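Below, chain A is the first sequence line, B the second, and so on; all start at residue 1. Computed from a predicted structure; not experimentally measured.
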There are 2 protein chains.
Amino acid sequence: MTETRLDAVKLDGTGPVYDQIRRAIRDLVVSGEWPPGTGVPPEHALMEQLGASRMTVHRALVQLAREGLIIRRRRSGTVVASPPASHAMLDILSIPEEVEQLGQAYAHDVLSRSDGRPAPEVAERFGLKRSDKVTHLVVLHRAGGKPHVLEERVIHAASVAGLAEEDFAQTPPGDWLLKHSLWSQAEHAISAVGAQGDEAVLLEIAVGEPCLLVERRTWNQDRPVTAVRLLYPGPRHRFVGRFGPYGQV
Amino acid sequence: MTETRLDAVKLDGTGPVYDQIRRAIRDLVVSGEWPPGTGVPPEHALMEQLGASRMTVHRALVQLAREGLIIRRRRSGTVVASPPASHAMLDILSIPEEVEQLGQAYAHDVLSRSDGRPAPEVAERFGLKRSDKVTHLVVLHRAGGKPHVLEERVIHAASVAGLAEEDFAQTPPGDWLLKHSLWSQAEHAISAVGAQGDEAVLLEIAVGEPCLLVERRTWNQDRPVTAVRLLYPGPRHRFVGRFGPYGQV
DNA sequence: AGTGTGTAATTGCATATGCAAATAACCGAT
DNA sequence: ATCGGTTATTTGCATATGCAATTACACACT
């Protein structure tokens, strides 16, 4: 567990004290300044450094724990949690995991890769500037040998370290990015489209066959990280979610 | 605001006291025993009745408020909240609202209705017993005069009061059910399908045109309430969601 | 080296107390 | 009746205190 600099926690004087503490620590976590595994100072230390009572510090930490940002254990202390890899319904999901949960063998092929400026029509479709340096990938994921999903991805080079050295032969780009980048916001859209000619060939389906299209764009503090277009063939794919009236169950 | 029976709050002796209180009140709310608008007893009353300190009661109530089950205001007290009508992304959404947010005029037609036992293929598709009494509806929703979504719905008669008297001319069944039924669990699945012949005619699209299919089943305490199949034509519909690594933003 | 065993660090929970903030309800003067 | 100010109720927040539960770590003993 990495040592933490206690004086990194700074209050802003607005609102209740417990919430100032909560936000201060939350910001350190989501900004990546305290990466997963970092030790959060014990309640007594925070209490002295911030001039608040232990119960007030406690309240802030309990809430952060309930939100999943930190993990607390008696005697061993509090550490920053790893962000949940997959998120219940429709989100940052690992395709290999998804396939293996179906009990099928996973494989993937990188069909093409290019590094440089984005083509105008790519930049437009993914909401990037033409001046951004990007890596553009097309990957076909297979389940049990058959095409499972076609991935077209653009990665913003400035947001990710070590991109040039990675060839994505072992790990598909989505999974690799989960480990090598930080994100704070994602947006996705789901729609139904008919397969275009080249897509249909790769997915081994007929042209015009209905496909589920998931488009996702990801940012870290307003800077784009990656944008991806996942095309799932036909009605044999469904996304399922379960919830109750007051949130997920 | 309805009066509440204080002695309805019963602790079960397992786990921390604040959590016993929290669960006790939560159960009264989600079971419908305390419907929305019901006044929750003030902290002092709960404190005396339960033999706990005010801070302990307070902790339970604060947490319930954060979860959205109750609303607390100084001096006026605490009341049971109305469940959120629409839920961020893909859930119990009101179609009229959805259309009006797009700035279009909303209308709907009840194309067919039948009350009685479900046809075998309907029962199978919606996960019902053949012996259940149901109402089966087909409704076309329009936006700006043009078909927006085709709804096929089965309502479990035993779970909803006043169903026989309602003709759904004013209010489409989804919205009506939100007000006249309780639900505790929902499951939905999204997939892409091609429009069948009769569906294509109603939606005024070509046969085989890709459509987004949302299937949702809803229960109240393990008893089915309703099941619905929403068919959205073509790629002009998208479901959009935004979130961060630690939950919705 | 291995094996208990005690100790201390750390979080978890509950209580009592006091004051602040919001505002519904009341009351009195016009 | 209407207006305006006062009061009382209820929640919100912070503190201090004490004890319980968990367990990493040091240390003694084989």
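In the set C/dG12, C/dA9, D/dG12, C/dG12 carries the atom at the smallest distance from any side-chain atom of A/Arg72. Nearest nucleotide to the A/Arg54 side chain, out of D/dG18, D/dG12, C/dA16: D/dG18. With distances taken from any side-chain atom of A/Met55 to the nucleotides C/dA25, D/dT11, C/dA14, the minimum falls on C/dA14. For A/Ala52, the listed nucleotide lying nearest its side chain is D/dT15; candidates were D/dT22, D/dT15, D/dG18.
The shortest non-hydrogen separation linking A/Gly144 to A/Gln104 is N-OE1, 3.7 Å.
Applying the 4.0 Å criterion to OP1 and OP2 of C/dT15, one finds that B/Thr56 has a side-chain N or O inside that range. Distances shorter than 4.0 Å separate none of the side-chain N or O atoms of A/Arg75 from OP1 or OP2 on D/dA21. For B/Thr78, a side-chain nitrogen or oxygen approaches OP1 or OP2 of D/dT11 to under 4.0 Å. Contact check, A/Tyr18 against D/dC13: a side-chain N or O comes under 4.0 Å of OP1 or OP2.
Residues A/Glu215 and A/His188 have side chains that never bring a donor and an acceptor to within less than 3.5 angstrom of each other.
Annotation: of the two residues near DNA chain D, A/Val57 and A/Arg73, the 5′-most nearest-nucleotide partner is A/Val57.
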task: Apply the test salt bridge (Lys or Arg N to Asp or Glu O under 4.0 Å) to residues A/Arg59 and A/Glu43: give CA-CA distance (whole Å), side-chain angles for both, the deciding distance (0.1 Å), then the verdict.
output: CA-CA 10 Å; A/Arg59 184 170 174 180; A/Glu43 295 181 354; over 6 Å; no

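If you measure from atom CZ of B/Arg66 to atom P of D/dT11, you get 17 Å, rounded to the nearest angstrom. Put simply, CE on A/Met47 is 13 Å from P on C/dT10, counting in whole angstrom units. For the pair B/Arg59 CZ and D/dC13 P, the computed distance is 14 Å after rounding to whole Å. Atom C1' of nucleotide C/dT17 and atom NE2 of B/His58 are separated by 14 Å, given to the nearest angstrom. A/Glu48 places its CD atom 14 Å from the C1' atom of C/dT10, with the value rounded to the nearest Å. Rounded to whole angstrom, the span from the CD atom of B/Gln20 across to the C1' atom of C/dC13 amounts to 12 Å. The distance between atom CD of B/Glu43 and atom P of D/dA8, rounded to the nearest whole Å, is 20 Å. In this structure, NE2 of B/His44 is placed 11 Å from C1' of C/dT17, rounded to the nearest angstrom.
Results of the side-chain hydrogen bond (donor to acceptor under 3.5 Å, both in side chains) test with A/Tyr106 over A/Glu97, A/Glu100, A/His148, A/His141 single out A/His141 as the only residue that passes.
Between the base of D/dT11 and the side chain of B/Arg74 there is a donor-acceptor pair shorter than 3.5 Å.
Annotation: A/Asp222, atom CG; neighbour count of heavy atoms from other residues, nucleotides and ligands within 6.0 Å does not exceed 12.
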